[in-house]
Amino acid sequence: MPTTASEPIPAVRMRKVSKAFGDNVVLNELDLDVAPGERVVIIGPSGSGKTTILRVCMTLERPDAGTIDINGESLYHEPDGDGLKPAREKHIRQVRSRVGMVFQHFNLFPHMSALENVALAPIKVHGMPKDEAYELGRQLLDKVGLRAHANHAPGQLSGGQKQRVAIARSLATDPDVMLFDEVTSALDPELVGEVLGVLRDIAEEGTTTMMLVTHEMGFAKEVADRVVMFDHGRILEEGPPDQLLHEPAHDRTRSFLRAVLAH
Amino acid sequence: MGELILSPLRYERLLEGLSVTLQVLGLAFALGIVLSLVFGVARLSERRWVRGIALVYVEFSRGISSIILLFFMAIAIPILLGLEQRSLLVLGGVALGLNMGGYGAEIIRGAILSVPKGQTEASISLNLTDAQRLRYVILPQAMRVILPPMGNLTIEILKGTALVSLVGLADLTLALRKLDVPQPGVERVPTMVLFANVLVIYFVVAQVINGLFRLAERRTERSYGTRAPIEPVPDGVETAGAGG
Amino acid sequence: MSDTLQDPTDGTVDADDAALPPGVGESRWWRRPDVMMPLTIVTILGVALAMTGVEQVHFRVDVSPDGSTVWDWTFFWALVPEMLKGLLVLARATVFGFAVALVVGLVLALGRRSKHRVVSWPTAGFVEFVRSTPLLVQLYFLFYALPDAGIRLGRMQALVIGLGIHYGAYCSEAYRAGINSVPEGQWEAATAMNLGPTTTWTRVILPQAIPNVLPALGNFLVAAFKDAPLGYAITVTEVLFFATTISGRLFRPQEPFILIGIGFLLVSLPAAWLVRRLEARLAYDRI
């Protein structure tokens with residue numbers, strides 16, 4: 001679906017993005033557009049490469065081919081006369097600054113308190129004065145319901161609390177696009193709700209573009225504007241959650257949904 | 001065996017020697033830590049030639065015997081460079097520091113690799129630069145892996161400082177050798193006793209170094225707020241990419 | 001998975017191993033050529049060196065360096081055979097010293113495992129003491145202080161015993177770590193099967209402990225070689241003695257010192273590489 005001049009510039013625009021690990025092709029000439037403020041849930045069987053979609057947008061993996069634009073700026077290429085050339089680190093950093101990511105295993109910095117985790121990027125990357133950054137950090141921790149835990153080390157927090165700190169940490173960089181990579185998969189079932197609650201809050205504000213890889217179908221139905229079924233490195237089908245989750249066009253999707261809901 | 005304690009005058013001589021020993025150690029340690037960091041990080045560089053240079057240095061400094069390096073520095077270098085004044089203290093410190101750097105670089109390299117990959121990924125997602133990532137995220141966590149072997153290495157270097165006595169620097173070992181030379185009119189102390197005293201001095205210094213590193217270890221542990229392993233180590237297959 | 005595992009298809013699989021499920025045959029380290037080869041080479045070299053009987057050598061050079069150049073190749077090459085003599089002395093001291101260390105280490109390790117504190121504590125103290133004091137001073141002690149107690153050692157003997165005790169202390173730690181690395185459950189299983197102490201040690205514990213210990217011992221062998229030039233301090237005629245003698249006699253340090261540096265690296269680097277390879281192979285087994 002090529003964008004015409006009248007449409008707004010997509011927040012994320014992927015064109016013919018390919019990535020293989022050895023013989024294992026995980027992204028096969030993938031095209032995907034995400035509109036500003038849109039909430040896209042990506043589902044699919046494990047090994048289908050859905051996490052890799054997020055990882056190439058965060059530059060954690062370099063695609064073998066294809067282009068990715070963030071807010072209309074190419075992530076891996078920069079202008080070179082009339083054409084494009086592979087981007088230098090500086091350009092990548094600048095475009096990447098619009099993207100944030102939350103990980104399955106939280107990846108909090110264990111040697112810093114919750115507050116220090118949240119304030120690190122504002123201080124070091126955005127050059128914010130410390131007082132201001134810590135104030136921002138406290139506000140964000142408040143937002144995820146953890147103001148009282150500001151001085152706790154990650155080791156002293158539960159899984160759900162860790163993940164909420166990680167979300168606050170990502171929010172602190174004020175990203176336009178947030179990537180959520182199975183953020184509830186590593187949690188005990190009783191802790192999933194508190195994290196989904198925070199995600200719901202972010203979704204309701206409606207300003208942040210969200211790409212979520214998740215197995216929480218109920219949640220997907222509730223917050224997603226669009227659900228994408230991903231298989232064998234390609235988009236199998238996509239559509240509004242009601243349609244895709246209830247009347248999928250493909251047998252593959254149907255059997256996948258059955259398997260997930262059986263849990 | 002007789003008296004085990006030496007006369008105050010002899011202790012004074014030994015302590016003068018000890019001060020030289022500690023100066024050489026300090027110099028070697030300072031240089032060694034810097035080299036360890038530089039080459040340990042360089043060993044993991046994305047650039048091939050940087051890795052290559054670092055590998056050559058590490059292999060060379062670990063392959064060569066510190067005593068041969070020391071003699072080369074102290075005897076050959078001054079003549080080759082035509083140095084009039086040579087500071088044995090500096091040359092000795094540099095030789096031992098070069099030696100320490102090779103081993104230290106491997107410690108640092110291993111420690112950096114021991115930090116879970118997710119930490120690097122989180123740093124990238126927060127847009128930290130490579131240098132910031134190393135400084136604020138990787139090295140602080142690598143410290144708990146670095147400190148114990150670095151303490152052992154420092155004690156090895158302390159033991160190595162005794163070698164400088166062979167090129168004529170008046171360290172603790174040379175002080176010992178001098179006191180052992182019979183002098184007219186001075187009552188001789190059994191060589192055994194003299195040696196036992198000096199060995200104990202080295203042992204005590206080693207234990208102090210040990211204690212200091214233990215203290216540092218405890219401090220890094222405390223910053224974690226808990227002694228238990230912190231994060232679930234990310235499943236390697238998952239983080240290596242191939243998708244959910 | 002972007003990084004590839006090490007190639008497991010090395011060595012030949014004999015008929016007996018072929019009957020075993022994959023992986024089991026691999027883990028029999030004592031039947032694997034890539035593990036046994038370095039061990040055999042080291043042993044044969046060691047025995048050969050021990051049999052050469054080189055004790056003290058005299059260094060003679062008939063060529064005088066050309067004083068007008070910084071570097072004289074003729075002089076350099078004339079030094080090579082003399083340097084090799086020194087290297088031989090060094091290698092010999094290392095082999096004997098390490099043989100002593102292997103035994104001393106075993107005694108110390110057993111002492112530390114002793115149930116009687118009268119034995120285990122002093123042993124632990126001794127190991128710690130030896131490990132944290134300079135080998136040089138220990139050599140002086142053996143050579144200059146022991147005669148006070150009526151024990152006279154030759155210079156080579158002192159070097160061998162010095163290396164033996166010093167690295168014996170290190171080896172004992174390696175033995176201990178190796179034995180401790182065998183899970184508690186293995187001891188319990190041996191007890192449950194009513195195995196005697198001999199069977200438990202030879203059939204259960206040691207086969208599992210040795211692959212953990214071998215790389216550490218290899219590293220100590222290389223380290224002992226690097227410390228062997230300390231024999232210079234008690235006038236053992238090794239490479240350093242050679243270089244200082246020549247450079248002192250001819251006021252010409254560069255060629256002899258560079259030469260011994262090269263000669264030394266030509267032994268220590270391949271040795272270290274061999275140990276690392278062994279380590280990698282054995283580590284692969286334990287996955």
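None of these values were measured; they are calculated from a predicted model.
In terms of heavy atoms, B:Q119 sits closest to B:I138 at CB-CD1, 4.5 Å. Across all their heavy atoms, B:R51 and B:S45 have their closest contact at NH1-O, 3.0 Å.
The greatest number of non-hydrogen atom pairs below 4.5 Å with chain B, out of A:K124, A:M112, A:R169, A:M58, is found for A:K124.
Interface residue B:S123: backbone and side-chain heavy atoms are both found under 4.5 Å from chain A. Looking at A:S97, the atoms closer than 4.5 Å to chain B (heavy atoms on both sides) sit in the backbone and in the side chain alike. Heavy atoms closer than 4.5 Å to chain A are found in both the backbone and the side chain of B:T129.
Ion pair B:E121/A:R55 flagged as a salt bridge, since at least one NZ, NE, NH1 or NH2 atom sits closer than 4.0 Å to an Asp/Glu carboxylate oxygen.
In this model, a donor atom of one side chain and an acceptor atom of the other lie less than 3.5 Å apart for A:T51 and A:D181.
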